[in-house]
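In what follows, chains are A, B, ... by sequence order, proteins preceding strands, each numbered from 1.
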Amino acid sequence: MSAVMGRSEKGRHAARKTPRGTLFALVTHTIRSCSRGIVIWGAALGLYSAAMVASFTTIEGAADQLNQLMQAYPKGMMEAFGITNLADPANYVNSQVFGFAPLALAFFPIMALAGSIAGAEERGTIDVLLGNPLPRWQLVIGNFVAVALSLLAIAGIVGLLTWGTAALMDVELSVKQVADAVLNLWPICVLSGALALLCSAFSHRRGLAIAIPAFLIFGMYLLDTIGRASDDLEDLRPYSVFYYYGSAIEHGIDWAHFGGITLVALALVLLAVLAFQRRDIYT
Amino acid sequence: MSVAIETEGLSKRYGRKAPGIEDVNLVVAPGEVFGFLGPNGAGKTTTIRTLLGFLKPTGGSATVFGLDIRRDSVEIRARVGNLPGEFALEDRMTGEGLLKYFARLRGVKDLGYAHELAERLGADLRRPMRRLSRGNKQKIGLVQAMFHRPPLLILDEPTGGLDPLVQEEFLDIIEETQAEGRTVFFSSHNLAEVERVCDRVGIIRGGKLVAVETTDTLVDKSFRHVRLTFEEPVDGESFGALPGVEDLKSDGTKVSFTLYDNLDVVIKQAARHRLVNMEYDRPSLEEVFLTYYGNHKNGEGA
């Protein structure tokens, strides 16, 4: 019988164009699927942040005494938690919220992207979806883009609640400070999601695709936090992504670090595409 | 004209203990309704998933409408409507939402045919998937496979979970699909539905395609289960001695056996007594396999 046909010959048999716009359809659908998560994560983190901003007004008058009290604590411990001056609302909010917020928020992209491939295999939904003319690379990229955009939406909600509370309570936090703080959450979260996506693309198990990036991100957080307090671990801090995080609410975004982390995340996504292209899909 | 499906030595091995499929050579003509039959684990789903690019073949080659399954998987899936054997749909989505999403992925503007199919099959498109029974999910699975009128339908156990009336409607749709010149490739355990709609059948066992026959040939090969009830006790051995009669069971007025041939002789023997009832049943497809294609263990693996 016939061997594989040339491109021109193919068109005569059951001609049907491969549709365009599949990536856009996938991204919009995935964002819609994430909408509940966006609201929950945005509200949870945003309300916590708003509560911390509001609590600043209660300690504002006693900040000098608190700073004196804090001086009695080991210097390493103060550095570990990013506390330099509690009378400064930016430093206070950073130490209470944005210092660990990327660690907490990282679980949103980890859960979402671990579920995008390995999770879809476990649930049995992937065969129906990929029964459509959707290239595998688009499934990887589309989910990543959707989750990256969802993270921006969460950051927006957190930012609005934080800045809104600051404005209402007369806490001195500018729009730019808050915008920098919430935008700076994005690279680490995107990197965490990219790790989960890579694991999801390699393995067929969602649990593994959650556990590995969660373990790595938490490990890097501990390394950086303890490294600030311990001279022995100080040299290892550059191996943690949190070393490059900084305090954007106080010093603005370090765009070199922002771009560097984002580039690493994109490299992991590229690896995920290559891994998923080559492997079998199981349900 | 190019064939709809063509495989040459197509193989997929999972490992030593699960051989998958081996050296499958198959040709399905355009416009044909082809039944793909085999016991559970014989390799039907592996073959289908390899054709669709979900599994990477470890040997051989295959084309769908002349398109290579390794290189042109996306173009193949643009021409194929697929119903997987084991599938789930997103819990929170409604059938309507799923069809709109898939219509966007396929560039389909008009959902008129989708709604017509849903109405004919009685699919509930308004409720979220998590609230639907298995049968209703299967109906939505069928609609999403067929709504874009693909040149080739690949359906893995399409009638599983459907009630008899819906099965009948589905078979009508398959016949209409064929009348439009489109091709259908489906796997099934249901001999009656295969007999009704399939032009030819391929039989796979232990990962190997052991036969490709016309449906008539397959049905002719089948034996029948016969149960006779007489008004008075009869000598069952008189039936056991007839050619083509096996597995005889006799209990006074009731005689049952498996008949491979010579129905005429059996009827004449039964007519010597006053017959109260006669049941003459087709075997299940599984039984046909067990009889004609070896023991069941050989069929396991994929």
Side-chain angles (χ1 to χ4, degrees), chain A residues 1-30 32-37 115-117 119-139 142 204 276-283, chain B residues 1-4 6 8 12 14 27 30 45 49-50 52-56 61 63-68 71-93 97-98 100-108 141 144-145 148 150-152 154 156 182-183:
Chain A
M1 294 299 291
S2 65
V4 178
M5 288 187 298
R7 297 270 166 181
S8 58
E9 201 182 347
K10 288 170 188 170
R12 286 185 309 197
H13 304 291
R16 183 165 283 218
K17 282 183 182 173
T18 305
R20 295 175 188 279
T22 49
L23 184 60
F24 182 70
L26 176 71
V27 170
T28 51
H29 171 78
T30 308
R32 208 173 295 138
S33 303
C34 287
S35 56
R36 188 184 289 190
S116 63
I117 301 173
E121 286 179 287
E122 283 186 357
R123 293 193 303 274
T125 56
I126 201 165
D127 271 19
V128 178
L129 177 61
L130 284 182
N132 294 293
L134 184 67
R136 288 190 187 196
W137 69 265
Q138 286 193 9
L139 186 67
H204 306 276
F276 188 50
Q277 292 276 28
R278 281 163 173 73
R279 78 156 163 95
D280 288 337
I281 296 171
Y282 294 119
T283 50
Chain B
M1 190 177 177
S2 172
V3 295
E6 181 177 9
E8 287 180 359
K12 173 65 189 175
Y14 295 109
V27 176
T45 300
R49 299 187 81 244
T50 306
L52 290 169
F54 298 151
L55 301 175
K56 308 284 181 187
S61 63
T63 60
V64 175
F65 295 121
L67 297 158
D68 182 63
R71 209 179 52 214
D72 306 313
S73 174
V74 176
E75 287 170 289
I76 287 172
R77 284 180 275 135
R79 292 158 172 80
V80 172
N82 170 45
L83 175 76
E86 294 286 334
F87 70 95
L89 302 166
E90 289 186 38
D91 274 355
R92 279 187 271 164
M93 281 191 96
L98 181 94
K100 281 181 179 166
Y101 176 36
F102 285 5
R104 288 177 69 199
L105 290 176
R106 289 189 172 276
V108 174
Q144 66 80 28
H148 48 101
L152 171 63
I154 295 184
D156 196 354
R182 296 188 281 140
T183 312

Original post:
Is B:Arg49 reaching over with its side chain to a backbone N or O of A:Asp280, donor-acceptor style, under 3.5 angstrom?
Top reply: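 No, because the side chain of B:Arg49 does not come within donor-acceptor range (under 3.5 Å) of the backbone of A:Asp280.
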Subject >> Any donor-acceptor pair under 3.5 Å from A:Arg123 side chain to B:Glu90 backbone >> reply: no
Original post:
Which one of A:Ile281, A:Thr22, A:Leu23 has the most heavy-atom pairs closer than 4.5 Å to chain B?
Top reply: A:Ile281
Original post:
Atom CZ in B:Arg92, atom CZ in A:Arg36: separation rounded to 0.5 Å?
Top reply: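 The CZ atom of B:Arg92 sits 4.5 Å away from the CZ atom of A:Arg36.
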At a heavy-atom separation under 4.5 Å, does [X] approach chain B through its side chain, its backbone, both, or neither?
{"X": "A:Leu26", "result": "both"}
{"X": "A:Arg278", "result": "backbone"}
{"X": "A:Ser33", "result": "both"}
{"X": "A:Gln277", "result": "backbone"}

Please look at [X] and chain A and tell me whether the side chain, the backbone, both or neither of the residue comes under 4.5 angstrom of a heavy atom of that chain.
{"X": "B:Arg182", "value": "neither"}
{"X": "B:Gln144", "value": "side chain"}
{"X": "B:Phe87", "value": "both"}

**OP:** Please work out whether the ring planes of A:Tyr282 and B:Tyr14 are parallel, tilted or perpendicular, with thresholds of 30° and 60°.
**Re:** tilted
Original post:
Between A:Asp127 and B:Pro84, what is the shortest heavy-atom contact and its length?
Top reply: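 Residues A:Asp127 and B:Pro84, closest heavy atoms: CB-CG, 3.7 Å.
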**OP:** Check A:Gly131 against B:Asn82 and note the closest heavy-atom contact, atom names and distance.
**Re:**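 Closest approach of A:Gly131 to B:Asn82, heavy atoms only: CA-ND2, 4.3 Å.
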Is there a side-chain contact between [X] and [Y], using heavy atoms and a 4.5 Å cut-off?
{"X": "A:Pro133", "Y": "B:Arg106", "answer": "yes"}
{"X": "B:Val74", "Y": "A:Trp137", "answer": "no"}
{"X": "B:Tyr101", "Y": "A:Asn132", "answer": "no"}

Subject >> Top of B:Thr50, B:Leu52, B:Leu89 for chain A proximity - count of heavy-atom pairs under 4.5 angstrom >> reply: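 Looking at each of B:Thr50, B:Leu52, B:Leu89 in turn, B:Leu89 comes out on top.
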**OP:** Using a cut-off of under 4.5 Å on heavy-atom pairs, state which of B:Leu83, B:Leu152, B:Leu105 scores highest against chain A.
**Re:** B:Leu105
Original post:
Are A:Arg136 and B:Ser73 linked by a side-chain donor-acceptor pair shorter than 3.5 Å?
Top reply: no
